[in-house]
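Heads up: the structure comes next, in structure tokens.
Being a predicted model, the structure only gives us computed values, none of them experimental. Convention: sequence-line order gives letters A, B, ...; per-chain numbering from 1.
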Amino acid sequence: MASWDIMHGSRAVAEAVRLADVDVIAAYPITPQTHIVEDTAKMVADGDIRAEYVKVESEHSAMSVVIAASGTGARTFTATASQGLALMWEMLFVASGMRLPVVMVNANRALSAPISIWNDQQDSIASRDVGWIQLYVETNQEALDTTLMAYRIAEDAGVQLPVMVCMDGFVLTHTVEPVEVPDEEQVSKFLPKFKPQQYLDPKDPMALGPIAFPNVYTELRAMQQQAMDGAMSVIEKVNDEFSAVFNRSYGNGLVEEFKTEDAEVIIVTLGSVAGTIKDVIDERGDSKVGLLRIKSFRPLPEDEIRRALKGAKVVGVIEKDVSIGLGKGALASEVRDVMYGSGDSKILSFIAGLGGRDITLDSVRGVIDTCEKALSEDVETVHWVDLKTE
Amino acid sequence: MKISPGGVIRDMGSTVNTKTGGWRSERPVIDNDKCIECGSCWIFCPDSSIIVTTSGNRRTYSVNLDFCKGCGICANECPSAAIKMILEEK
């Protein structure tokens with residue numbers, strides 16, 4: 001039976017790992033992901049998850065262990081954040097290059113220096129080119145549900161790519177919300193046992209991860225991109241199938257639109273701050289401002305973004321990262337790239353919530369004010385939200 | 001050529017198809033008159049590029065230049081100084 005409980009986002013993820021019946025978990029604790037490691041370790045110790053739990057000395061090793069385990073056809077899980085994701089970086093390319101369906105939860109946290117344990121999304125955004133699918137969630141329920149969906153997407157025969165579920169550190173991991181924990185039997189129908197396409201087997205030898213000479217390297221990279229392109233429809237399909245079984249879905253799986261239909265200003269964002277933005281839009285009581293929440297940042301659903309933003313005169317991208325040297329958020333520059341040649345909407349970049357600074361209702365109201373001002377006059381294209389100037 | 005996802009190789013032992021001897025700048029030359037047939041070169045070669053030919057009770061050592069990268073370990077290890085490294089020239 002499905003059950004309701006009040007729980008931290010980390011606990012919701014651990015419940016998903018239990019329900020997904022994973023075979024191997026390897027993780028190294030790091031704030032704000034620690035409770036995921038603790039909860040899953042306890043579940044294994046208590047016999048609630050029948051998995052091998054490998055305690056490792058670093059995140060580099062955690063990723064190496066799940067890569068090796070995945071190579072043998074095991075369903076694997078790991079979780080990290082910030083410095084841990086940075087330490088994994090070279091192995092992230094290995095997981096995607098070997099086309100292994102590893103699932104990882106990243107509890108989004110700012111990077112050093114200066115040291116900060118608090119939330120922003122610079123860690124996963126800086127890992128946007130590693131060949132992983134990246135799905136950003138808004139709520140604890142969505143963190144649980146998306147972790148389950150991640151296995152279906154990663155293990156799809158046409159995809160075979162690792163998936164990173166990105167959830168805001170503290171804002172979700174350490175915050176309690178009501179969460180419905182799905183029924184085990186229903187989950188096993190939605191997510192059956194993993195049947196790998198290919199795996200290391202002494203009876204049928206293969207070489208996994210050999211050298212690629214210049215005559216094949218480009219083709220292998222192009223195949224990863226084709227798999228990403230194909231993942232788009234798989235993500236939508238899995239979202240639909242999840243909805244059919246559990247009666248919950250998240251937009252079309254790739255993006256979620258909120259009151260975008262007649263909006264002349266559309267805010268674009270990733271992750272949990274979407275909730276705050278929806279509240280501000282609701283309190284306005286008009287239909288002039290809408291929200292496009294991008295759930296799938298990789299693959300980036302270009303057609304969906306173009307369609308959703310077509311009617312907007314001003315697009316304001318709020319994001320918790322900045323590409324230093326580019327001088328704007330990475331998502332803002334990608335949205336601009338997507339919109340190139342279609343319409344003449346102004347695209348503004350709002351850098352906000354770095355290193356755990358709250359994006360408050362007032363912060364969002366300020367962003368919307370700036371966007372509305374841009375309807376009739378010229379405004380700066382880049383804004384550092386709530387920046388102290390003295 | 002069929003490329004499988006992730007660059008997985010099913011046709012095992014395919015390394016022999018890629019000749020890597022071209023990386024070499026020096027090549028070992030074995031003086032069979034000095035050779036005492038101890039097999040040190042065969043043991044130490046990191047690329048399995050020493051070929052042993054047995055004829056009666058006499059073993060002769062030669063080099064597979066398709067894979068020898070000219071590291072010189074064989075020459076360094078040879079106890080009878082029977083291997084010289086010669087510069088590869090055009």
Take atom [atom1] in [X]; do more than 12 heavy atoms of anything else shown fall under 6.0 Å from it?
{"X": "Glu52(A)", "atom1": "CD", "answer": "no"}
{"X": "Tyr61(B)", "atom1": "OH", "answer": "yes"}
{"X": "Phe67(B)", "atom1": "CZ", "answer": "yes"}
{"X": "Lys55(A)", "atom1": "NZ", "answer": "no"}
{"X": "Arg50(A)", "atom1": "CZ", "answer": "no"}

Separation between [atom1] of [X] and [atom2] of [Y], rounded to the nearest 0.5 Å:
{"X": "Leu208(A)", "Y": "Ser4(B)", "atom1": "CG", "atom2": "OG", "answer": "9.5 Å"}
{"X": "Phe213(A)", "Y": "Thr20(B)", "atom1": "CZ", "atom2": "OG1", "answer": "7.5 Å"}
{"X": "Ile9(B)", "Y": "Ile211(A)", "atom1": "CD1", "atom2": "CD1", "answer": "10.0 Å"}

| field | Option passing side-chain contact (heavy atoms from CB on, under 4.5 Å) with Pro5(B) (candidates Gln226(A), Gln197(A), Gln224(A), Met223(A)) | value |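 Going through Gln226(A), Gln197(A), Gln224(A), Met223(A) one by one, the side-chain contact (heavy atoms from CB on, under 4.5 Å) with Pro5(B) is satisfied by Met223(A) alone.
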| query | Which of the residues Pro205(A), Ala212(A), Gly209(A), Ala227(A) is involved in the greatest number of heavy-atom pairs with chain B at under 4.5 angstrom? | reply | Pro205(A)
| Which of Met206(A), Glu219(A), Arg99(A) touches chain B most, by non-hydrogen pairs under 4.5 Å |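 The candidate making the most pairs under 4.5 Å is Met206(A).
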| said: Using heavy-atom distances under 4.5 Å, tell me whether Thr18(B) contacts chain A through its side chain, its backbone, both, or neither. | reply: side chain
| request: Kindly indicate, with the supporting measurements, whether the criterion side chain to side chain contact (heavy atoms under 4.5 Å, CB included) is fulfilled by Met98(A) and Val8(B). | output: CA-CA 8 Å; Met98(A) 288 187 186; Val8(B) 160; over 6 Å; no
